[in-house]
Amino acid sequence: MKILVVNCGSSSVKYQFIDMQGEKVLCKGLAERVGIEGSRLVHRVNADKHVIEKPMKDHEEALKLILEVLLDPEIGVIKDLSEISAVGHRVVHGAERFASSVLIDDEVMKVLEDNVHLAPLHNPPNIMGIRAVQKLLPNVPNVGVFDTAFHQSMPKKAFLYPIPYEFYEKYRIRRYGFHGTSHRYVSRRAAEILGRDYYDFKVITCHLGNGASIAAVRHGRSVDTSMGFTPLEGVVMGTRSGDIDPAIVIYMQQNLGMPVDKVYDLLNKKSGMLGLAELSSDMRDIEDAACAGNEKAQMALDIYVYRIAKYIGAYAAAMNGVDAIVFTAGVGENSPYVREKVCTYLGFLGVKIDRTLNDVKGVERIISTPDSKVAVVVVPTDEELVIARDTKKIVESGIKELKLF
Ligand code: ADP
């Protein structure tokens, strides 16, 4: 069975085509600047990279081009579209309806449409991608895998905000959490690497990419996570602020005369590492600058690391202990500096990392010392593989929903 995994952003479509026999990625790529001038498709087969510059006015045109490339006699990997058994879609927000991955039908599409207000930036391109695939591959089943689903196991004490309860009842304002597919994958993988029973294991997973979130996973269930109603809450991110006093938003509007959209833009696109270091949102640039003596870059790094360490401390308390800490995503997988500095705060938990083992980028490895009370593990995330596996399970077994717990 071969599965196409699709991840539609506002102006991009990422894809991977996976042969589930051996879980081999046959090709992958990215259509970027969709709907904008200068759109192009970067298609990779093994180590070969092909760039196709072609206007793509919307997600449907992007997916059409992706299918053409898959069929291309020279750079493609299939002879006929019937070789695509199913398509798995990353969907950002499944709200409270989906604690599972689902076969997409009209009812599911309606729920997605009804929930656009909860994820106005993310769900519309996801919906466009599903509609485009339904049109281009009318006989192929589509499965939705939600970023929020894994965190639906959070208890009320973790997901409710202390604001009047009616805002939850009437408007579903609560903490949802995101990056769930990644937290789910790396938490389970860490248990496997450590030879532990996943259902008797307390792990804190740190997904540190441009967007970043931390999750407390106890006995295979997410019990808390740092992102909330939107992906703005939590730790410091590339351009997002993470946790701030909500009164700052009101102050900016009332006292500084900033309109709502400006405040929104400031907190989502101009804050975080970019806002603090006034240099870049990219951790590589910030680490290089700090190393060269740039004080603001060093300050930004100190805040970044400090806030991650505080979350880990909080989640160790939330679970009454922790067996392992996992680092994943762009920064987590590739920055020995960030990992070491975070772990330096965690000596009180008995965390000890081995500096030589920590000197690693992008590979699975236990980086704690043998006598560390808490294992520390680098696990490269693989959300596409989880989406493909869920899609395969649903399509093969003919079920409509795959419960995660
Ligand atoms: P996204 O949230 O966009 O999926 P990624 O998980 O790809 O993000 O992470 C991107 C971030 O990873 C970059 O902004 C960069 O800061 C960081 N990163 C990548 N490589 C390195 C590295 N070698 N050292 C430090 N940070 C890195």
Side-chain angles (χ1 to χ4, degrees), residues 5-16 28-33 42 44 90-92 119 121-122 125-126 145 147 177-186 205-215 225-227 230-242 268-292 294 297-298 300-305 307-308 326-343 358-365 367 378-387:
V5 176
V6 172
N7 178 357
C8 289
S10 57
S11 64
S12 69
V13 181
K14 273 194 213 156
Y15 62 96
Q16 275 195 17
K28 60 182 171 183
L30 168 70
E32 50 190 355
R33 300 184 64 83
V42 181
R44 291 171 198 269
R90 176 199 183 199
V91 184
V92 169
L121 295 182
H122 296 98
N126 298 158
V145 178
D147 268 23
F178 299 86
H179 294 141
T181 310
S182 176
H183 290 295
R184 181 178 149 205
Y185 173 77
V186 300
T205 47
C206 306
H207 177 110
L208 310 175
N210 280 320
S213 68
I214 305 195
T225 190
S226 60
M227 282 179 169
T230 75
L232 186 56
E233 191 179 345
V235 291
V236 181
M237 304 177 220
T239 62
R240 285 175 238 162
S241 64
N268 278 287
K269 299 193 183 141
K270 299 192 174 128
S271 296
M273 298 306 274
L274 176 67
L276 286 168
E278 297 181 319
L279 171 79
S280 165
S281 62
D282 194 297
M283 190 56 88
R284 284 163 289 203
D285 300 337
I286 296 183
E287 282 186 19
D288 289 348
C291 210
N294 182 319
Q298 187 58 57
L301 272 176
D302 292 346
I303 297 169
Y304 181 87
V305 162
R307 288 189 168 223
I308 292 170
V326 176
F327 288 97
T328 192
V331 179
E333 291 165 28
N334 296 300
S335 174
Y337 175 88
V338 167
R339 293 192 299 254
E340 182 182 334
K341 292 291 170 195
V342 168
C343 289
N358 184 39
D359 190 14
V360 69
K361 291 186 179 179
V363 294
E364 281 185 357
R365 185 184 279 182
I367 59 167
V378 177
V379 183
T381 193
D382 198 342
E383 289 151 292
E384 288 79 9
L385 181 59
V386 177
I387 295 172

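As the structure is a prediction and not an experimental result, all values here were calculated from the model. Atoms within a ligand are numbered from 1 in the order they appear, just like the ligands themselves.
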In terms of atom number and element, which parts of ligand 1 are under 4.0 angstrom from non-hydrogen atoms of Gly211? 2 (O)
Using protein heavy atoms only, decide if any is under 4.0 Å from atom 16 (O) of ligand 1. yes
Can you see whether Asn294 engages Gln298 through a side-chain donor-acceptor pair at a distance of less than 3.5 angstrom? no
In the protein, which heavy atom is nearest to atom 14 (O) of ligand 1, and how far is it? Asn210 OD1, 2.8 Å
Measure the spacing between OG of Ser281 and CE of Met283 and express it to the nearest 0.5 Å. 10.0 Å
Please list, in number order, the atoms of ligand 1 under 4.0 Å from a heavy atom of Asp282. 13 (C), 14 (O), 15 (C), 16 (O)
Starting from atom 6 (O) of ligand 1, what is the nearest protein heavy atom, named by residue and atom, and what distance separates them? Gly330 N, 2.9 Å
Which protein non-hydrogen atom lies closest to atom 26 (N) of ligand 1, naming both residue and atom, and how far is it? Met283 CB, 3.5 Å
Pick one: which of Thr225, Val326, Thr205, Val235 meets side chain to side chain contact (heavy atoms under 4.5 Å, CB included) with Ile214? Val235
Only one of Thr181, Asp147, Asn126 passes side-chain hydrogen bond (donor to acceptor under 3.5 Å, both in side chains) with Arg90, and that residue is Asp147
How far is atom 19 (C) of ligand 1 from its nearest protein heavy atom, and which residue and atom name does that atom have? Arg284 CZ, 3.6 Å
Which residue and atom name correspond to the protein heavy atom nearest atom 4 (O) of ligand 1, and how close is it? Lys14 NZ, 4.8 Å
Applying a strict 4.0 Å limit to heavy atoms, is Gly238 in contact with ligand 1? no
Can you give me the closest heavy-atom contact between Ser226 and Ser213, atom names plus distance? OG-CA, 3.3 Å
Looking only at atom types and distance, does a side-chain atom of Arg339 sit under 3.5 Å from a main-chain N or O of Phe327, one as donor and one as acceptor? no
Can you tell me how far CZ of Arg44 sits from OH of Tyr15, rounded to the nearest 0.5 angstrom? 9.5 Å
